[in-house]
Amino acid sequence: MNGAMSHPLPETKPHIMVFPYPAQGHLLPLLDLTHQLCLRGFTVSIIVTPKNLPYLSSLLSAHPSAVSAITLPFPPHPLIPSGVENVKDIGGHGNPLVMASLRQLREPVVRWISSHPNPPVALISDFFLGWTKDLGIPRFAFFTSGAFLASILHFVSDKLHILQSTEPVCLSDLPGSPVFKTEHLPSLIPQSPSSQDLESVKDSTMNFSSYGCIFNSCECLEEEYMEYVKQNVSENRVYSVGPLSSIGLRKDDSASDVDAKALLSWLDGCPEGSVLYICFGSQKVLTKEQCDALALGLEKSMARFVWVVKKDPIPDGFEDRVAGQGMIVRGWAPQVAMLNHVAVGGFLSHCGWNSVLEAMASGKMILAWPMEADQFVDARLLVEHMGVAVTVCDGGKTVPDPHELSQVIAETMGERGREIRARAKEMGQKAHAATEPGGSSTKDLERLVKELSSLHEDMILKD
Ligand SMILES: O=c1ccn([C@@H]2O[C@H](COP(=O)(O)OP(=O)(O)O[C@H]3O[C@H](CO)[C@@H](O)[C@H](O)[C@H]3O)[C@@H](O)[C@H]2O)c(=O)[nH]1
């Protein structure tokens, strides 16, 4: 155990343990939930590894006496480069490796729990950490993807043989019996499983059988799949508490490392709904061919845009050519603030679940380019079920046709996109209402708080 750990927690307040998965799309929403629990009087111990500790700084400064970090060394793995402790530094293909590595934390975590004078009454851990179900305290699985995705994982987990077929798979048990190409099923479901992948599948089966399941989602986005989940999780302990970005710590987007003021003031000068915001999450880097095609498509579309990049190779001279039309932003953009800006009319996205929720919460339509993981499932929900998105490209290695791309961008950002934008706005109002007082997510959050408090009371009575 590390010297940074301490046990300063008062005896009277309910104490819970939080174990996030080290990827930005997983870590940030769980910290947003933790913030809400601290506001309701809980004390929280959060498990992190040293390189992920800085991401806790806003939470630690917002709740200095309620939150403490349990900093454990990142267990080494032969295929993870030394110093890498977060999926953003290795890419989505690194997930099975990081999951395997973190399984080695079982002993130190169990030791920490059993040696604590006021041990946590419950654990809230990411759905990528299914093995934490058996640490000796009630575990709530925290899903950073939606109920549609969780339903698919649940349905397929004991039928991996159906994936061997090259034919599309019909998920017959699920509402609407959706049909998916096997390559569009969540990457957590391996097509030709290695033993490591099978461990991940085993982990994932531990989620629905945990004490409870918490979703960063809300009823209005995927009611029928939420219902399916409830039917398959014991005792109706399913809590849909999102979109957490609307009630989280990042409202001011202080983690942004770009010149947010300059960016927002550029947006201030653009007409309402005229700007396409482009960002592919925290893990994906486009290839040169993909960047060339997207750049050309944007230029020809004449649409205003803000394109957020990490290490993506932007074509030489592009920024000069589009000066006035668009901006390239390098680094960590204040995404939530940008999506909420009135000048932004659409979001070209890979359909990572957080981006989906943030777009819905701000009432913005999506131009979908799903690439991997749950993104094809998320895009299906947006395009076919909600009608708030159009697909513009498909696949992590696909290079879009720049001419077709420019046409779809020009059309959807223009007159032809009017209906989709109206539906997205309507969905935005519903998603926003969910986290307001009396909204479905607020009620579920209160129900969760009640459940955690009763676990605390049970523990006091036992002592
Ligand atoms: O410059 C940036 C880039 C990202 N973000 C934020 O980072 C998060 C990114 O999350 P998401 O949109 O879900 O994308 P990924 O980082 O790719 O997330 C991974 O994890 C998600 C949750 O499980 C999955 O849905 C995705 O498919 C998977 O790739 C969002 O909150 C964004 O607002 C920023 O604030 N600024």
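Order of appearance sets the numbers: ligands from 1, and atoms from 1 within every ligand.
Donor-acceptor pairing under 3.5 Å is lacking for the side chains of Ser406 and Ser301. In this model, a donor atom of one side chain and an acceptor atom of the other lie less than 3.5 Å apart for His341 and Asp268. Between the side chains of Glu436 and Thr442, no donor N or O sits under 3.5 Å from an acceptor N or O. Under 3.5 Å, the side chains of Asp374 and Ser145 contain a donor-acceptor pair of N or O atoms.
Atoms OG and CD, from Ser349 and Glu358 in turn, are 9.0 Å apart once rounded to the nearest 0.5 Å. Interatomic distance, CD1 of Ile409 versus CD of Glu299, reported as 12.0 Å (0.5 Å rounding). In this structure, Met427 CE and Lys430 NZ are separated by 5.0 Å, a value rounded to the nearest 0.5 Å.
Numbered from 1 in the order shown, with element, the atoms of ligand 1 that lie under 4.0 Å from a heavy atom of Glu358 read 30 (C), 31 (O), 32 (C), 33 (O). Contact atoms of ligand 1 toward Ala373: 27 (O) (distance under 4.0 Å to a heavy atom of the residue). Those atoms of ligand 1 with a heavy atom of Gln283 less than 4.0 angstrom away are 19 (C), 29 (O). Below 4.0 Å from some heavy atom of Gly331 lie the following atoms of ligand 1, by number and element: 1 (O). Less than 4.0 angstrom separates some heavy atom of Val308 from each of these atoms of ligand 1: 1 (O). Atom numbering of ligand 1 starts at 1 in the shown order; those under 4.0 Å from a heavy atom of Gln335 are 32 (C), 33 (O), 34 (C), 35 (O). Counting the atoms of ligand 1 from 1 in the order shown, those under 4.0 Å from a heavy atom of Lys310 are 1 (O), 2 (C), 3 (C). When each atom of ligand 1 is checked for a heavy atom of Trp353 under 4.0 Å away, the hits are 13 (O), 24 (C), 25 (O).
Below 3.5 Å of separation, one finds an N or O of Asn354 facing an N or O of ligand 1.
With a 4.0 Å heavy-atom cut-off, ligand 1 is reached by the side chain of His26 but not by its N, CA, C or O. Counting heavy atoms closer than 4.0 Å to ligand 1, residue Gln24 contributes nothing at all. Contact annotation for Ala333 and ligand 1: heavy atoms of both the backbone and the side chain come within less than 4.0 Å of the ligand. When heavy-atom distances to ligand 1 are checked against a 4.0 Å cut-off, Cys279 comes that close only through its side chain, counted from C-beta outward. At a 4.0 Å heavy-atom cut-off, ligand 1 touches Thr144 through backbone and side chain alike.
Ligand 1 lies nowhere less than 4.0 angstrom from a heavy atom belonging to Lys284. Assignment of Ser145 to the shell around ligand 1 is supported, since a heavy atom sits closer than 4.0 Å.
Counting heavy atoms only, Ser282 comes closest to atom 16 (O) of ligand 1 of the residues Ala23, Ser282, Pro186, Ser245.
With salt bridges taken as basic N to acidic carboxylate O contacts below 4.0 Å, none links Arg139 and Asp134. Between Lys443 and Glu219 there is no salt bridge, since no side-chain N of the basic residue sits under 4.0 Å from a carboxylate O of the acidic one.
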Next on the checklist: As a quick check of understanding, evaluate salt bridge (Lys or Arg N to Asp or Glu O under 4.0 Å) for Asp203 and Arg103, giving each step before the final call.
Outcome noted: CA-CA 10 Å; Asp203 264 6; Arg103 275 183 213 114; 3.2 Å; yes

Checklist entry - Step by step, would you call Phe280 with Trp369 a ring pair (Phe, Tyr, Trp, His ring centres under 6.0 Å)? => result CA-CA 9 Å; Phe280 301 110; Trp369 179 353; 5.5 Å; yes

